[in-house]
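Worksheet: the structure to be examined is printed underneath.
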Amino acid sequence: MASKKILVTGGAGYIGSHTAVELVRAGYEPVILDNFSNSERFIVGRVRKITGRNVPLCTGDCSVPADVAKVFKKEGRFHGIIHFAALKAVGESVAQPLRYYRNNVGGMLTMLEAADRYKVPHFVFSSSCTVYGEPDKLPVREDAPVKNAASPYGETKKIAERMLETFLQSGVPVKAVSLRYFNPIGAHPSALIGELPLGTPKNLVPFVTQTAAGIRKVLQVYGDDYKTPDGTCIRDYIHVIDLAAAHVRALGYLEKKRGPFYDIFNVGTGRGQSVLGIVKTFEKVTGVKVPYKIALRRSGDIAEIYAAAGKAKKVLGWSAKLSLEEALRSSWAWQKTLRSGKR
Ligand code: NAD
Ligand code: UD1
């Protein structure tokens, strides 16, 4: 059988590392390209430990053509590219927009050029539900209008999606999807890999686990005066293992198509959960209290978003299997691994 080598940019990161594990399980051969701007090398060792494979690592910047050329020279032909590598801190992107455009748009451009030049037939792009802005209708479907992005980070996702779509419109024999992730949470059941927030976490669940662990004093719940049942914001939290599996499904789907081909899928559970709902569920499944206080709304937050998950189910045969309880339990197990300092 022909080799099924997949170039996983950002494969040392949170979603990329879990996807590398799922790729091995599904018979693919992931090759990680990462510059460790938001991750640590030991995660690659953990991916190797979980999979029992010497998953290759190329250290380099995916926005730099010479770094990418080195990967192709060393590894030869690739069956696909999954392009995770990006900077993702929304607030930071407002303060440093050019750095975000350079990294995220430059990274997408370089990886598309590589797909073109080295004839890589399959391409999966990590997009975000942020492209929907504040949706007019819920659950939000893939054909909902793409709105003005609330941040340069969101803008980079919109631009990158358009780059991919227009690249395919030029008639290249590439098959591609953009996956619009909702809110990934949770960790691998081994508790060997998980999300590694650098500094004070901005996202809810890492802040919850760090507060439960006593690293942070109190969780601030940003606003309880939204028009939602308990007044706090609603999001669609998806287990990272389910999210990783969606990438494998997407590749299988693309393999059956003829290029050029492009499609877009939401990757969410289809269910919304409030901030206070997350706190309560976390306390229930772990037995650990999370001190919290109600704070002012965070600027840029929308009240409510959750996915219409029907298209991914119908077309990819993928749907989320794991519960919110399992996700939060695994986030807590991972927090304990991190606390133990074992690397
Ligand atoms: P992450 O920061 O954990 O992983 C990203 C990885 O990419 C890191 O290992 C980082 O070192 C690497 N990287 C960044 N720029 C690079 C470059 N120029 N060259 C090589 N490596 C580079 O983030 P994540 O949560 O795993 O997110 C992965 C992707 O999913 C990103 O594109 C992100 O925008 C997107 N996404 C994430 C979320 C989320 O909530 N985590 C939601 C929607 C979309
Ligand atoms: C954010 C980004 C989104 C990005 C995603 C992944 C915004 C507006 N959106 O999603 O573009 O793809 O991160 O990086 O920034 N909350 C608290 N207290 C906290 C932290 C969060 O109450 O300490 C609340 C937030 O107000 C929100 C919910 O928890 O209602 C989830 O927040 P977060 O985890 O930051 O994700 P998003 O804002 O949905």
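Numbering of ligands and ligand atoms starts at 1, following listing order.
- Other residues, nucleotides and ligands place more than 12 heavy atoms under 6.0 Å from the CG atom of Asp143.
- Residue-level contacts of ligand 1 at the 4.0 Å heavy-atom threshold are Gly10, Ala12, Gly13, Tyr14, Ile15, Asp34, Asn35, Phe36, Ser37, Asn38, Ser39, Gly60, Asp61, Cys62, Phe84, Ala85, Ala86, Lys88, Asn103, Ser126, Ser127, Ser128, Tyr153, Lys157, Tyr181, Phe182, Pro184.
- The aromatic ring centres of Phe261 and Tyr253 sit less than 6.0 Å apart.
- Applying the side chain to side chain donor-acceptor pair (under 3.5 Å) criterion to Arg117, with sequence neighbours excluded, gives no partner residue.
- Put simply, the side chain of Gln96 never gets that close to the backbone of Ser93: no donor and acceptor are under 3.5 Å apart.
- Remark: Arg297 engages Asp225 in a salt bridge, criterion side-chain N to carboxylate O under 4.0 Å.
- A cation-pi geometry, defined here as NZ or CZ lying under 6.0 Å from the six-membered ring centre and within 45° of its normal, does not hold between Arg271 and Tyr306.
- Taking Ile, Leu, Val, Met, Phe, Trp and Tyr as members and joining any whose side-chain heavy atoms lie under 4.5 Å apart, directly or through other members, the hydrophobic cluster of Leu87 also contains Val90, Tyr100, Tyr153.
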Starting from the N and O atoms of ligand 2, collect every protein N/O partner closer than 3.5 Å and put each pair on its own line with the distance to 0.1 Å.
from, atom 1, to, atom 2, distance (Å)
ligand 2, 11 (O), Thr130, OG1, 3.3
ligand 2, 12 (O), Ser128, OG, 3.3
ligand 2, 13 (O), Asn203, ND2, 3.2
ligand 2, 18 (N), Gln220, O, 2.7
ligand 2, 22 (O), Gln220, O, 3.4
ligand 2, 22 (O), Tyr222, N, 2.9
ligand 2, 26 (O), Asp301, OD2, 2.5
ligand 2, 32 (O), Arg298, NH2, 3.4
ligand 2, 34 (O), Asn203, ND2, 3.2
ligand 2, 34 (O), Leu204, N, 2.8
ligand 2, 35 (O), Asn203, ND2, 3.1
ligand 2, 35 (O), Arg298, NH1, 3.3
ligand 2, 35 (O), Arg298, NH2, 2.9
ligand 2, 36 (O), Asn183, ND2, 3.2
ligand 2, 38 (O), Arg298, NH2, 2.7
ligand 2, 39 (O), Asn183, ND2, 2.9
ligand 2, 39 (O), Arg235, NE, 2.6

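- Contact annotation: the side chain of Ile278 approaches that of Leu204 to within less than 4.5 Å [non-hydrogen atoms, C-beta and beyond].
- Looking at Thr110, its side chain does come within 3.5 Å of a backbone N or O of Ser63 through a donor-acceptor pair.
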